[in-house]
J.: 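Quick one: structure below, then a few questions.
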Amino acid sequence: MSSRTEMHVSIGGLNLESPVIIASGVWPYEAELWSPERLEGVGALCTKAVSLNGRAGNKGVRVWETPCGMLNSIGLQNGGVRSFLDDYLPLVRGAYRPFLVNLVMESEREVRESIAALAEIPGIPAIELNISCPNVDGDGMAWGISAESAAKAVRIARSEWKGALWVKLTPQSPDLAGVAKAAEAEGADALVCGNTWLGMAMDIKKKRPVFQRVVAGLSGPAVFPLALRTVWQVCGAVKLPVIGCGGVASWEDATAMLLAGASAVEVGSALFTDFDLPRKIVAGLSTYLAEQKIDTVSGLTGLGRHE
Amino acid sequence: MSSRTEMHVSIGGLNLESPVIIASGVWPYEAELWSPERLEGVGALCTKAVSLNGRAGNKGVRVWETPCGMLNSIGLQNGGVRSFLDDYLPLVRGAYRPFLVNLVMESEREVRESIAALAEIPGIPAIELNISCPNVDGDGMAWGISAESAAKAVRIARSEWKGALWVKLTPQSPDLAGVAKAAEAEGADALVCGNTWLGMAMDIKKKRPVFQRVVAGLSGPAVFPLALRTVWQVCGAVKLPVIGCGGVASWEDATAMLLAGASAVEVGSALFTDFDLPRKIVAGLSTYLAEQKIDTVSGLTGLGRHE
Amino acid sequence: MTCGGSAPRDYEAKVAGGRALGDGSGLLAVECEDIASAAEPGQFVMVRPGSCGDPFLGRPLAVAATSGGIFKMLYRVVGRGTELLVSKRQGDSLVVRGPIGRGFFSSRGDMPLPKKVLLAGGSVGAAPLLFAARRLGMAKVAGVSMGVSGRGWEGFAEWLKESFPGVALFSDDGSVGTKGTALDGLPCQLPADTEIWACGPQGMLRALAAKYPEDRARIRVALESRMACGMGGCLGCVIPTARGNRRVCVDGPVFTAEEVLWNEFAD
Amino acid sequence: MTCGGSAPRDYEAKVAGGRALGDGSGLLAVECEDIASAAEPGQFVMVRPGSCGDPFLGRPLAVAATSGGIFKMLYRVVGRGTELLVSKRQGDSLVVRGPIGRGFFSSRGDMPLPKKVLLAGGSVGAAPLLFAARRLGMAKVAGVSMGVSGRGWEGFAEWLKESFPGVALFSDDGSVGTKGTALDGLPCQLPADTEIWACGPQGMLRALAAKYPEDRARIRVALESRMACGMGGCLGCVIPTARGNRRVCVDGPVFTAEEVLWNEFAD
Ligand SMILES: Cc1cc2nc3c(=O)[nH]c(=O)nc-3n(C[C@H](O)[C@H](O)[C@H](O)COP(=O)(O)OP(=O)(O)OC[C@H]3O[C@@H](n4cnc5c(N)ncnc54)[C@H](O)[C@@H]3O)c2cc1C
Ligand SMILES: Cc1cc2nc3c(=O)[nH]c(=O)nc-3n(C[C@H](O)[C@H](O)[C@H](O)COP(=O)(O)OP(=O)(O)OC[C@H]3O[C@@H](n4cnc5c(N)ncnc54)[C@H](O)[C@@H]3O)c2cc1C
Ligand SMILES: Cc1cc2nc3c(=O)[nH]c(=O)nc-3n(C[C@H](O)[C@H](O)[C@H](O)COP(=O)(O)O)c2cc1C
Ligand SMILES: Cc1cc2nc3c(=O)[nH]c(=O)nc-3n(C[C@H](O)[C@H](O)[C@H](O)COP(=O)(O)O)c2cc1C
Ligand code: FES
Ligand code: FES
């Protein structure tokens, strides 16, 4: 359907066969799902969050459906960086696609140690630095909330990591443009915009919040208009490539993200209901390119910004 | 179905027969729709935005559907405060229900003049001050973004208006709790939490943003989990009564808002698809109260905060 | 701004039947006594095609006919909302808000009916015109001119011929009827005792207004606009007119071509 | 963490038929060769009941039977998702992801089948047990004990009796079968050559584990948990087990009552 070159994008140090990336935290380490046949249309994959030490994640209800979306409060459950390298890296590599290790921005010490462990192993192409977590060294606010703390986070990671460094922004920041500029100034190679949106749910039968931590992250189609707006704003603030993420569930959504200035998209929750979405997005983009007489998908980036 | 006293709530200077309020900007001045028969279950109504002088509103596309929601960019179209008083006030009064004049927070001079005009007419029970608009005297940011500017807005309105003063917050504020506290300190009688969420849409056929102003306000069920979270946060920050607004589309949603700490709810977009929603919410609340063995709806307020 | 007609209501109605007309167009009959008995040509309903929260908004569709407690709509599949209509079968339920707006008759106020009416429509714009023809009586209808885009519309064209005997039929590519647009089926001069009632894509209505610059007061157009509420509340559907912004849903959808400020908006 | 079985796939399947069992429960048959041929008792599918974007997530429903290219599900209306299933008719399409998880057989690994199996279920927990009984062969099934809540479940109880001849039937209010729960139909001592396979509300499974503290390794329970993905990706469905958090969707849904740390979670 689509020729290889048509869908090719080159972003922040990675060469992708398509602009569709599997977002962090949604794709299991099940061997069969990392086979080429099950990854049609996928340009790259982000691993689940990796932290220095293993984390059990949150107790109680972890997922909750909302209108056209869902809330999650997984709590970064993972086995730690060593377990990732030992147990899952071979599988991840077996997909023969660029991948990004989604790294939890913890304390300075922890993140330096995690990166050191990753850097020891040759052939890890990229880190996606997740700055949505609280800065335990600082004020407890998420690293990604202010331009200053985001700058610090990126500086730390950049000084330790020579490979491609993507930074995943949090839409909870009141100064997204500032955070984006700070990440750019500190040497990030690309920005992922963004993570989940802070929401909550109430269990009216039990008369208490559904989640033990009360709040949880909203994702899925419901947030698409919000995510698209943040992509528009961030693309206006920086020259770095931007990856749109939040609610992408169709080729039309992906196209809108690209026109707004994104170089690629990440898809998350929509995979929960459609394994085949990446292939469908690529097919839709390909037809759209033909109709619009545009040669390559990278030609769409930012085209909607010139009125 | 429900006894009068069961649903009665007394909030910020108003006595309502039910905790369901029609949000600003959604109910037309069509005589028939202000008749008691068409307002079953409605405790109070907010008028469309009123500004000092008439405003034509925005050009181009004004509404756009999104997953479980919609974007709007109406641009405060209204005939100005005089036209409101002359043309519509009699109709509004004819509903024999408490109502709130949704007043656009413009420049200091304009808002003082508008309030003076409203204050001349006896029997206007309450103003709902909409601080989502840019502060044209200040930095152009919305009045409701920072605690300082919100404080100033409420101070101005409070000094001019003796009746009930509700303040409608904008979820775009990065410091909602601070804004809420500022409004409380300056003498607001209740807080409405909140307005629409900043989103955007792309017209992929035309390869340009759908809205002339690019961004637009997201409302409807999609935003409910986000609005509920802001209600939870604001109720934790202030003692003032809080009215939950954003995505309420069922009695369950209204119940969740009350349990999170709200004293009432406003419904907006959901009326676009169901005239009968206020009555249904009241019926659902009534059954729920009976099941939970709670006497009055005000007994639900904040009940979900004690785990 | 107060609307002359009565405000619409919401109904959970049952589908009475449907008929595909080929290539994504079709008729859908809905049981709803209140709407069927009150609707006039040019009025429309907001249909919520799904059985759940998404699609969120109703879809505006003109009333194409009424008989007994049933009204019909003519649809063309455009996106996911209309797509859902295709699979509706007898007995399925459907939420409809209506009847909405000022139609070809009520929008006249006290103005008497003209002696003759020419009907001009583009594709599914035929719906309110069909209803209007029935109400006017064929004696008053001086002619019917319809345009469709062409290939793929054969089934629809057959239905048009059935519904409007003697219709002048045009298509962009000439594959159906004569090559041209509905405007080509209209006289160069509009006779003094005649009005044109039209419904179709905005471009066609704009061209119609341009064709008869002197006679715009005698041209009534049923307009389309993006809508959220269909009750006059959201102000989402306004168009610029000589009297300021007017809501297509309840101030229209029928306007005279004279009122509309054609140059001040684009789709 | 890697799952033994093969990863599920998504299918746009057609409804082959349905049968209401009264009071909001019913059977739904779906045409899907791949799922029907691969599914084992205890496995489930994620069904997206709507035709649009909302409800967003699939609903987990156990496979209750298979024959030829068709598999059946047994549902009880709980909320808006299952509500939408009631109106499904033959020919309607339905998006299903499956088959998912480790069932009563594959969850055993190399462990041989026991000589006898007692089946114990609560309400729609009957689904995977029915399927298990077929696969085990009635000779191996030492007894079937089922509980329902009572009034309103008469139709369902009839269906149970039809499906499991000789079933011991209990209800909370005694209106159907004997007053009591499915546990009352089980022996005080679990014979050495026997296992219990159970499915039902968490409270019932917890009580079952409590009833046989020494024999939990011989009790297999099919658990429920809130799910988003049904493919092991979201980690939304985990339960605490002796081996740490395990995903109900792909590590289960069948676990031994011994593995599960019953005290460390509540519904
Ligand atoms: C007063 C009026 C009467 C109409 N009568 C008919 C009729 O009789 N038969 C018929 O086939 N069509 C009619 N239309 C057009 C019809 O409303 C749209 O084709 C339909 O809403 C498309 O919905 P969708 O979900 O398939 O498309 P989508 O593009 O998926 O819809 C997305 C959103 O855009 C809106 N939208 C899309 N196209 C239009 C349009 N052309 N006009 C207004 N809103 C639009 C939808 O209502 C929806 O809110 C009428 C429109 C109006 C305003
Ligand atoms: C592995 C497994 C197998 C199941 N098999 C069956 C079966 O064969 N027959 C049957 O009737 N039911 C079965 N259930 C329960 C069934 O999934 C729920 O009743 C159903 O999801 C409720 O959806 P709803 O939209 O009607 O309810 P809602 O309450 O509106 O659903 C809202 C959300 O909560 C989830 N949810 C609600 N109740 C449950 C529950 N009990 N367990 C897990 N998630 C829930 C839904 O999936 C949805 O995401 C099974 C559950 C699991 C986990
Ligand atoms: C269940 C779940 C788990 C997630 N885990 C992570 C994670 O570990 N790290 C991360 O950066 N983002 C995580 N996310 C966020 C997604 O990667 C994505 O940014 C977000 O869900 C918005 O995209 P979507 O609407 O396409 O899902 C998770 C999302 C979900 C739904
Ligand atoms: C079409 C439309 C017009 C609106 N106009 C106003 C307004 O004039 N003043 C105001 O304070 N809020 C206005 N709002 C915001 C609503 O009052 C409400 O706060 C918001 O839509 C969230 O609630 P909902 O999700 O129930 O619609 C408008 C919303 C919509 C959809
Ligand atoms: S559609 Fe809302 S005012 Fe016309
Ligand atoms: S449902 Fe997602 S991991 Fe089990």
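In what follows, every chain begins at residue 1, and chains take the letters A, B, ... in the order their sequences are listed. Because the structure is a prediction, the values reported are computed rather than measured.
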J.: Contact part of A/T66 toward chain D, heavy-atom cut-off under 4.5 Å: side chain, backbone, both or neither?
T.: backbone
J.: Flag the one option from A/G69, A/G220, A/S73, A/A270 with the top tally of heavy-atom pairs under 4.5 Å to chain D.
T.: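 Option with the top pair count is A/G69.
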J.: Among residues 19-27 of chain A, which residues come closer than 4.5 Å to chain D, judged by heavy atom distances?
T.: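 Answer by number: A/G25, A/V26, A/W27.
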J.: Which one, D/I239, D/D10, D/D54, leads in non-hydrogen pairs under 4.5 Å with chain A?
T.: D/D10
J.: Indicate the atoms forming the closest heavy-atom contact of D/L57 with A/E65, along with that distance.
T.: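 Closest approach of D/L57 to A/E65: N-OE2, 2.7 Å.
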J.: Are the side chain of A/K48 and the backbone N or O of D/G233 linked by a donor-acceptor pair below 3.5 Å?
T.: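 Flag set: sc A/K48 to bb D/G233 pair under 3.5 Å.
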J.: Of the listed residues (D/P8, D/G81, D/G230), which shares the most heavy-atom pairs with chain A below a 4.5 Å separation?
T.: D/P8
J.: Less than 4.5 Å apart, any side-chain heavy atom of D/V95 and any of A/T273?
T.: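 They are not in contact (no side-chain heavy atoms under 4.5 Å apart), so the answer is no.
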J.: Heavy-atom distance under 4.5 Å to chain D: side chain of A/D274, backbone, both or neither?
T.: both
J.: Please report the closest heavy-atom contact between D/A7 and A/E32, naming both atoms and the distance.
T.: N-OE1, 2.7 Å
J.: Step through the shown structure and confirm whether more than 12 heavy atoms of other residues, nucleotides or ligands are within 6.0 Å of CZ on D/R151.
T.: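 No - once you tally the heavy atoms of other residues, nucleotides and ligands closer than 6.0 Å, there are 12 at most.
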J.: Would you compute the distance between atom CG of A/L33 and atom OG of D/S6 and round it to the nearest 0.5 angstrom?
T.: 10.0 Å
J.: Is any side-chain heavy atom of A/R62 closer than 4.5 Å to a side-chain heavy atom of D/L235?
T.: yes
J.: When only pairs under 4.5 Å are counted, which of D/P240, D/G53, D/C52, D/C229 shares the most heavy-atom pairs with chain A?
T.: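 So the answer, after comparing D/P240, D/G53, D/C52, D/C229, is D/C229.
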J.: Are any non-hydrogen side-chain atoms of A/K59 and D/V238 less than 4.5 angstrom apart?
T.: no
J.: Could you tell me whether A/E37 and D/R9 have a side-chain N and a carboxylate O separated by less than 4.0 Å?
T.: yes
J.: Give a yes or no on this: more than 12 heavy atoms of other residues, nucleotides or ligands lie within 6.0 Å of atom CZ of A/R93.
T.: yes
J.: I need the minimum non-hydrogen distance between A/F275 and D/M231, along with the two atoms involved.
T.: CE2-SD, 3.3 Å
J.: Do D/M227 and A/V63 pass the side chain to side chain contact (heavy atoms under 4.5 Å, CB included) test, and can you show the C-alpha distance, the side-chain angles, and the key distance before you say yes or no?
T.: CA-CA 7 Å; D/M227 297 182 172; A/V63 289; 5.8 Å; no
